Amino acid sequence: FCQLLLVHHIYYWYHPISKNTDFLHDVRCIFRFVVASLIRICMQLDIGKIVTEKLIPLGVVHLENHVKTKQKHPGVTRRDDLAELTLQEYGEDLHIALHSEDSENRYLRSLVELLLPYLAPESRLSAPKANTFIRELVAW
């Protein structure tokens, strides 16, 4: 998984810039540390409770909104058009990340910004540029 992420999201732009592998090694180490931290945190959570008490009810509300919109607008068949109508009708009740791609990206960045101190090595977070890079990589 780590190797695929690096190949698809890092190597393609870094390889033409430099042949030095130190940066790639650092990214690989940081990414593995973040994944290990996430696994450690998730093992402490009651995943069943989170799924049944939080995710499923939110998913049902999301599905109900979608079905109601589809029933109000039976002639709309394109998924993008239906999503836009759902957003127009239930925008205030929907999660902020659903409003646009830009709002989704801002939400993910802010979420990663909150979680990063718990996930990444402290030594990497002290440098502002490294902190920004790690945030963008994880939010991606």
Side-chain angles (χ1 to χ4, degrees):
F1 175 73
C2 180
Q3 189 65 26
L4 281 174
L5 180 81
L6 289 172
V7 166
H8 291 291
H9 299 290
I10 304 296
Y11 292 167
Y12 83 93
W13 62 261
Y14 182 74
H15 190 68
I17 297 171
S18 175
K19 304 295 182 214
N20 186 335
T21 60
D22 291 344
F23 171 76
L24 298 174
H25 178 71
D26 278 353
V27 170
R28 187 179 299 113
C29 289
I30 291 168
F31 185 72
R32 286 182 178 156
F33 187 94
V34 168
V35 169
S37 298
L38 273 172
I39 290 170
R40 181 179 40 80
I41 290 168
C42 287
M43 290 180 71
Q44 297 171 2
L45 300 174
D46 184 351
I47 301 295
K49 185 175 180 178
I50 292 170
V51 168
T52 57
E53 293 181 9
K54 301 281 186 183
L55 296 180
I56 290 176
L58 288 172
V60 168
V61 169
H62 183 74
L63 184 61
E64 285 174 349
N65 291 341
H66 180 76
V67 169
K68 287 177 189 175
T69 302
K70 198 168 187 171
Q71 288 171 343
K72 285 183 184 178
H73 306 280
V76 178
T77 56
R78 285 194 52 229
R79 193 167 61 175
D80 289 345
D81 294 339
L82 195 57
E84 185 63 34
L85 286 170
T86 303
L87 185 58
Q88 288 173 5
E89 293 189 33
Y90 299 100
E92 292 181 15
D93 296 331
L94 297 177
H95 192 280
I96 189 71
L98 294 174
H99 290 227
S100 70
E101 188 176 338
D102 187 49
S103 65
E104 178 184 10
N105 289 334
R106 282 194 314 269
Y107 174 76
L108 287 174
R109 282 186 187 102
S110 65
L111 185 61
V112 169
E113 192 77 37
L114 288 172
L115 295 175
L116 212 51
Y118 302 101
L119 301 176
E122 283 184 42
S123 61
R124 301 293 187 204
L125 296 176
S126 59
K129 289 178 184 175
N131 192 355
T132 301
F133 179 77
I134 294 168
R135 183 192 71 220
E136 293 300 315
L137 180 65
V138 174
W140 200 353

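Computed from a prediction, not measured in an experiment: that's the story for all the values here. Values below: all heavy atoms of this structure, side chains included; hydrogens, waters and symmetry mates excluded.
- Residues L55 and V60 fall within the same hydrophobic cluster, defined by Ile, Leu, Val, Met, Phe, Trp and Tyr side chains chained together at heavy-atom separations under 4.5 Å.
- A salt bridge between K68 and E89 is absent, with no side-chain N of the basic residue lying under 4.0 Å from a carboxylate O of the acidic one.
- Between I47 and C42, the closest heavy-atom pair is CD1-O, 4.0 Å.
- Sorted by first then second residue, the salt bridge (charged side-chain N to carboxylate O under 4.0 Å, His left out) pairs that include residues 37-64, not counting sequence neighbours, number zero.
- Note: the hydrophobic cluster containing L82 does not contain Y90 (ILVMFWY, side chain heavy atoms under 4.5 Å, direct or indirect links).
- Of the possible polar contacts, one joining the Y14 side chain to the N20 backbone as a donor-acceptor pair under 3.5 Å is found.
- Between the CG atom of D81 and the CD atom of E84 there is a distance of 8.5 Å, given to the nearest 0.5 Å.
- Following chains of ILVMFWY side-chain contacts shorter than 4.5 Å, one cannot reach L38 starting from L45, and the two form parts of different hydrophobic clusters.
- For H73, the NE2 atom sits in a packed shell: over 12 heavy atoms of surrounding residues, nucleotides or ligands are nearer than 6.0 Å.
- Scanning both residues, Y11 and P16, for their nearest heavy atoms gives O-CD, 4.1 Å.
- Hydrophobic clustering, with ILVMFWY side chains joined whenever heavy atoms are under 4.5 angstrom apart, keeps V67 apart from V76.
- In this structure, S103 contributes its side chain and I96 its backbone to a donor-acceptor pair below 3.5 Å.
- Note that the CG atom of N65 and the CG atom of L85 stand 13.0 Å from one another [nearest 0.5 Å].
- L58 and I50 fall into different hydrophobic clusters, where Ile, Leu, Val, Met, Phe, Trp and Tyr are joined by side-chain heavy atoms under 4.5 Å apart, directly or via other members.
- Distance check, rounded to the nearest 0.5 Å: CZ of R109 to CD of E104 gives 10.5 Å.
- Between the CG atom of L87 and the OG1 atom of T69 there is a distance of 10.0 Å, given to the nearest 0.5 Å.
- Counted within 6.0 Å of CD on Q88, heavy atoms from surrounding residues, nucleotides or ligands total more than 12; the atom is thus considered enclosed.
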